[in-house]
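Keep in mind that the numbers below use all heavy atoms, side chains included, and drop hydrogens, waters and symmetry copies.
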Amino acid sequence: MFVDSHCHLNYKGLVEDQAAVLERARAAGVDTMLNISTREREWDEIVATAEREPDVWASIGIHPHEADAHPDVDMAKLIARAAHPRVIAIGETGLDYYYDHSDRDRQQLSFRSHIAASRQTGLPLIVHTRDAEADTAEILTDEMGKGAFAGVIHCFTASASFGQIALDLGFYISISGIVTFKNAKHLQEVASTIPEDRLLIETDAPFLAPVPHRGKTGEPAFVADTARFLSALRGVSVEALGTATATNFHRLFTKAMS
């Protein structure tokens, strides 16, 4: 019934008991998971997980936090690794000015390299943006002018105006467990208005466990809790929301259908 469009199965907190994590996800009705990479050293392990588990897919990318540490990861390297049949996405990539763990110019250069790889391969782009709405919107708009590419704003917490820019560019918007938090009133307002055919759900596990699991290690099974909350917020059945978001996932990540 559910797709977790963004999780980190090879991160500490999940990888130690990955088989059990996957079984709990399946028992909760999660039949597809996209396992996201953030550093080059993770790529082999993440692809291997996807090779081993038929309901798990992989991405290839460098998180903006890691941009300084990966100056040699360019479009060509991303394209080469993304050729694997279990890799269905480029990212996560983007801009994070909240922590500034990497130089902003380096983040932007890495972001544009990922966009170029997405455009070249036809694989969707997974975008992380935090405290960087203006630059993220500017880069996405500028790059879209050079040639179309598809993608998703993952773990959406931005403004309604940024969300509209993303939608106008053809992007999908993915909602995480943050939407269940008591202090997430603005996000709840935005999440209630996202067009049904552009909505995805995710856990970002092992982070951001939704209510009623807040404070625990997040895992893909919890996407069902986010779906239940979001369906009530939007006034639809949880079954309808699960079906719509799963359909959207496969429409965006077409390689997962092959």
query: Do you see a donor-acceptor pair shorter than 3.5 Å between the side chains of Asp96 and His128?
result: yes
Would a hydrophobic clustering, with Ile, Leu, Val, Met, Phe, Trp and Tyr connected at side-chain separations under 4.5 Å, put [X] with [Y]?
X      : Y      : value
Met75  : Val127 : no
Phe229 : Val236 : yes
Val190 : Ile175 : yes
Ile126 : Ile62  : no
Leu123 : Ile79  : no

Kindly say whether [Y] contributes a backbone atom to a donor-acceptor pair with the side chain of [X] at under 3.5 angstrom?
X      : Y      : value
Ser118 : His114 : no
Ser59  : Gly91  : yes
Thr141 : Glu138 : no
Gln107 : Ser102 : yes
Thr243 : Glu239 : yes
Lys255 : Val87  : yes
Thr93  : His63  : no
Arg86  : Arg52  : no
Arg119 : Gly147 : yes
Thr254 : Arg251 : no

Side chains of [X] and [Y]: closer than 4.5 Å at any heavy-atom pair?
X      : Y      : answer
Val238 : Phe2   : yes
Ile165 : Leu140 : no
Asp31  : Val3   : yes
Glu202 : Cys155 : yes
Ser5   : His154 : no
Asp4   : Phe222 : no
Phe249 : Ile88  : yes
Gln108 : Leu95  : yes

Identify the two heavy atoms, one from [X] and one from [Y], that lie closest to each other, and give their separation to 0.1 Å.
X      : Y      : answer
Val21  : Pro220 : CG1-CD, 3.7 Å
Ala150 : Leu252 : CB-CD1, 3.8 Å
Ala209 : Thr217 : CB-C, 4.5 Å
Ala117 : Leu78  : CB-CB, 3.8 Å
Asp68  : His101 : OD2-O, 3.9 Å
Gly61  : Ser37  : N-OG, 2.9 Å

query: Crowded around Glu196 CD? As in, over 12 foreign heavy atoms under 6.0 Å?
result: no
task: Evaluate whether atom CD of Gln120 has more than 12 neighbouring non-hydrogen atoms of other residues, nucleotides or ligands under 6.0 angstrom away.
output: no
Just verifying a value: how many Å separate [X] [atom1] and [Y] [atom2], rounded to the nearest 0.5 Å?
X      : Y      : atom1 : atom2 : result
Leu187 : Ser176 : CG    : OG    : 7.0 Å
Gln18  : Asn35  : CD    : CG    : 7.0 Å
Trp43  : His84  : CH2   : NE2   : 13.5 Å
Asn10  : Glu42  : CG    : CD    : 7.5 Å
Thr203 : Glu219 : OG1   : CD    : 9.0 Å
His250 : Thr245 : NE2   : OG1   : 9.5 Å

task: Classify the ring geometry between Phe171 and Phe149 as parallel (under 30°), tilted (30 to 60°) or perpendicular (over 60°).
output: perpendicular
Derivation and outcome, side chain to side chain contact (heavy atoms under 4.5 Å, CB included), residues Arg104 and Asp135: CA-CA 10 Å; Arg104 293 185 179 186; Asp135 283 356; 5.9 Å; no
- prompt: Would Glu66 and Arg39 pass as an ion pair if we require N to O under 4.0 Å?
  reply: yes
task: Keeping to residues at least two apart or across chains, list the side chain to side chain donor-acceptor pair (under 3.5 Å) pairs with something in residues 221-236.
output: His213-Asp225, Asp225-Arg228
- prompt: Can you name the residues that form a ring pair (Phe, Tyr, Trp, His ring centres under 6.0 Å) with Tyr11, not counting sequence neighbours?
  reply: His8, Phe207
